[in-house]
Amino acid sequence: PEMAARDQPRKEAREEATLSGQLRRAVHASGLSLSAIAAGAGITPLLLDEFLTGQRTLRSDVIDRLANVLGCQLRQVR
């Protein structure tokens with residue numbers, strides 16, 4: 001129960017219907033380690049973890065690098 005409670009913010013942040021939520025889902029679906037993703041994006045694993053739990057936002061340039069590491073592209077849907 002304690003472990004599930006600690007993981008709840010990560011789950012809630014991942015389920016957000018936002019661009020950040022989509023990036024969080026892409027991180028979890030990538031199969032890459034958090035350390036590898038963080039290194040590829042030029043950030044610390046701690047910063048990535050704080051983003052994944054919704055404790056921290058990312059600057060736009062970091063979002064761009066993170067999306068690049070994950071192979072994500074932004075496209076407009078009408």
Side-chain angles (χ1 to χ4, degrees):
E2 181 181 320
M3 190 173 216
R6 283 196 321 239
D7 196 47
Q8 188 62 31
R10 184 180 316 273
K11 183 179 181 210
E12 290 172 1
R14 186 175 57 233
E15 293 175 357
E16 287 179 1
T18 63
L19 175 61
S20 292
Q22 289 181 332
L23 278 175
R24 291 177 180 112
R25 288 188 291 280
V27 167
H28 292 291
S30 72
L32 299 171
S33 72
L34 295 184
S35 295
I37 294 169
I43 59 175
T44 65
L46 178 60
L47 177 60
L48 179 59
D49 184 65
E50 289 174 345
F51 169 70
L52 293 175
T53 59
Q55 296 173 4
R56 190 160 187 169
T57 59
L58 299 176
R59 295 187 328 244
S60 60
D61 63 309
V62 176
I63 289 173
D64 289 346
R65 293 194 309 264
L66 181 58
N68 187 48
V69 168
L70 298 169
C72 297
Q73 292 183 340
L74 181 64
R75 65 183 170 97
Q76 188 173 10
V77 178
R78 296 181 193 213

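What you see below is based on every heavy atom in this structure, not just the backbone, and it leaves out hydrogens, waters and symmetry mates.
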Subject >> From Arg59 atom CZ to Asp64 atom CG, the distance as rounded to the nearest 0.5 Å >> reply: 11.0 Å
Original post:
CZ/Arg24 to OG1/Thr18 distance, rounded to the nearest 0.5 angstrom?
Top reply: 6.0 Å
Original post:
Should Phe51 and Leu66 count as side-chain neighbours, where that means a heavy-atom distance under 4.5 Å?
Top reply: yes
Subject >> Listed partners of Arg75 passing side chain to side chain contact (heavy atoms under 4.5 Å, CB included), at least two apart >> reply: Val77
Original post:
Rounded to the nearest 0.5 Å, how far apart are CG of Leu70 and CD of Gln22?
Top reply: 12.0 Å
Pairs of donor and acceptor atoms involving the side chains of residues 26-38, under 3.5 Å and at least two apart or interchain, shall be tabulated with distances.
unit_1, atom_1, unit_2, atom_2, d
Ser30, OG, Val27, O, 2.9
Ser30, OG, Leu32, N, 3.1
Ser33, OG, Ala36, N, 3.0

Original post:
At their closest point, which heavy atom of Ile43 faces which heavy atom of Arg65, and how far apart are they?
Top reply: CG2-NH2, 4.1 Å
Subject >> Between CD1 on residue Ile63 and SG on residue Cys72, distance to nearest 0.5 Å >> reply: 11.5 Å
Subject >> side chain to side chain contact (heavy atoms under 4.5 Å, CB included) involving Arg56 - partner list, sequence neighbours excluded >> reply: Leu47, Glu50
